[in-house]
Amino acid sequence: MKIFYDGWSLVYQPNSPEALHLMTLLAAHPSEHSAVIALPGESFHRLPEWVETRLSPTPNSERSRLRWEQRTLPALADQSGAGWMHAVGGGLPLWGRLPRMVSPAGFSDDLGTGGRASDRVGFVARLREALSQGGLSRAQIWLWPQDLPVEQAGGATYDLPPAVHPLFTQSAASEDDFLQSCPEWPALDLPDAYILYHGPTSEAALRQVLDAWSWAAGSIGYEFPLLLVGLDASAQERLAALLAEYQLTGTARPLPWLPLPCLALLYRRCSALFHPMVSSPWGDPMRMALACARPVVGLEDERSSALAGPAAYLSSTQVSYAASRRALGAALITVIVEETVAEALSQAARQRSADWDMEKLRAALRILYASPP
């Protein structure tokens, strides 16, 4: 069976949960099945040599993505000879011949505190959202990690073994091997110690991050700066303006899109992951940090509690926004200052992620991909 994937995120959102989950699926892809990926440009990440690609150059705009999803993608899918389309987020075409299975991945517009990461405005954006939701409603199969509560109604739901890309696992290569695979690392000029943020980069999301960071930055921000990874040029400009507004310049800095080896090394070396956002079912930063046995500070909700349990310092959302931000800031200070707390979280993370196994995921995908629609 040939499986068809949408590679938009590999070109225009390469550090997003969608792209990272797609790379994980390729790493776990059963050898009995082949894969074809539709690309609107050159993939940021290096793809396995056995993957077939279909290139249809498309610029990165709301109107172009609407055309990509509703016209280009179904046409490429029909030409591919695939038996399934495996989507890794939204953006499914409303019509198309191929049956669909969906692994939900992506940073949510819901910031977990009543705020919104983005508000789609304009006719094209609203039309794309409506058609994408219609395409998702036609999916035959929904795939969820076994350790998370199922939230999606419609279609048959299958629980899959949780997994992360092999580069983020405890058994991954040594740091010397990572450095050899990441020639960009020296140019990043990173501090010896830092806190990592890997999440949405809209103005609303960054304000929520800085509202919490402002409570911790005075105590730890210069010795343990906040590094925000995966920011394109416009997001970096947005962050610079906000840091000046919050008077936090020097305590935080952006990082661009990073190749997988560099991103994995960034996780492995961080002092903690700061994740004050709703978690993604697949491809989530919290899961990657746990796999690297790093302490996590985040928001407490049903999904994050199920994912991390005692392996993260989670702040309740059942309080006011101001109280939530203060609690997140205090949690960051505690994890950095109290070494025993950080070590306990790291140990719990090791135990939590010990059973995440790519071979189990590969076996499950082998069966699913061979199933008739």
Side-chain angles (χ1 to χ4, degrees), residues 1-13 16-30 32-40 47 51-54 56 58 65-108 127-146 148 150-163 280-283 361-373:
M1 183 74 75
K2 183 181 290 186
I3 311 301
F4 181 85
Y5 302 97
D6 176 6
W8 180 276
S9 63
L10 297 179
V11 179
Y12 293 124
Q13 301 162 337
S16 67
E18 295 96 324
L20 297 175
H21 180 50
L22 179 49
M23 294 300 293
T24 303
L25 289 173
L26 295 178
H29 203 84
E32 296 88 344
H33 306 290
S34 55
V36 58
I37 299 179
L39 293 169
L47 298 175
V51 172
E52 178 185 346
T53 59
R54 298 293 177 94
S56 182
T58 305
R65 190 169 186 185
L66 171 64
R67 185 172 62 252
W68 169 265
E69 292 171 352
Q70 301 303 325
R71 291 186 179 180
T72 306
L73 203 60
L76 293 176
D78 288 344
Q79 297 166 11
S80 69
W84 280 101
M85 177 185 291
H86 188 160
V88 293
L92 274 173
L94 184 59
W95 306 110
R97 178 186 62 82
L98 286 187
R100 304 111 181 266
M101 60 178 68
V102 179
S103 300
F107 294 128
S108 173
L127 177 61
R128 178 178 164 256
E129 177 70 14
L131 293 175
S132 295
Q133 290 302 315
L136 286 171
S137 70
R138 299 183 63 231
Q140 285 83 358
I141 293 177
W142 287 84
L143 306 175
W144 280 85
Q146 289 174 347
L148 296 185
V150 176
E151 304 168 19
Q152 179 63 49
T157 301
Y158 289 82
D159 293 338
L160 293 187
S280 169
W282 294 100
L361 178 59
R362 181 175 290 109
L365 290 173
R366 180 178 294 113
I367 296 171
L368 274 172
Y369 287 165
S371 63

Would you name the heavy atoms of [X] and [Y] that are closest together and state the gap between them?
X    : Y    : result
L361 : P161 : CD1-O, 3.9 Å
P40  : G7   : CD-O, 4.0 Å
A35  : L26  : CB-CD2, 4.4 Å
G106 : S280 : N-OG, 3.0 Å

Between Y369 and H86, how do the two ring planes meet: parallel, tilted or perpendicular, split at 30° and 60°?
-> perpendicular
When the ring planes of H33 and H29 are compared, do they come out parallel, tilted or perpendicular, using 30° and 60° as the limits?
->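 If you compare the ring of H33 with that of H29, the planes turn out perpendicular.
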Which value, rounded to the nearest 0.5 Å, describes the distance between [X] atom [atom1] and [Y] atom [atom2]?
X    : Y   : atom1 : atom2 : answer
I37  : F4  : CD1   : CZ    : 9.5 Å
T72  : R54 : OG1   : CZ    : 13.5 Å
W282 : L22 : CH2   : CG    : 13.0 Å

For the backbone of [Y] and the side chain of [X], can you confirm whether one donor and one acceptor N or O come within less than 3.5 Å of each other?
X   : Y    : value
T58 : S56  : yes
K2  : S80  : yes
W84 : S371 : yes

Step-by-step side-chain contact (heavy atoms from CB on, under 4.5 Å) determination, L365 to L160 | CA-CA 8 Å; L365 290 173; L160 293 187; 4.2 Å; yes
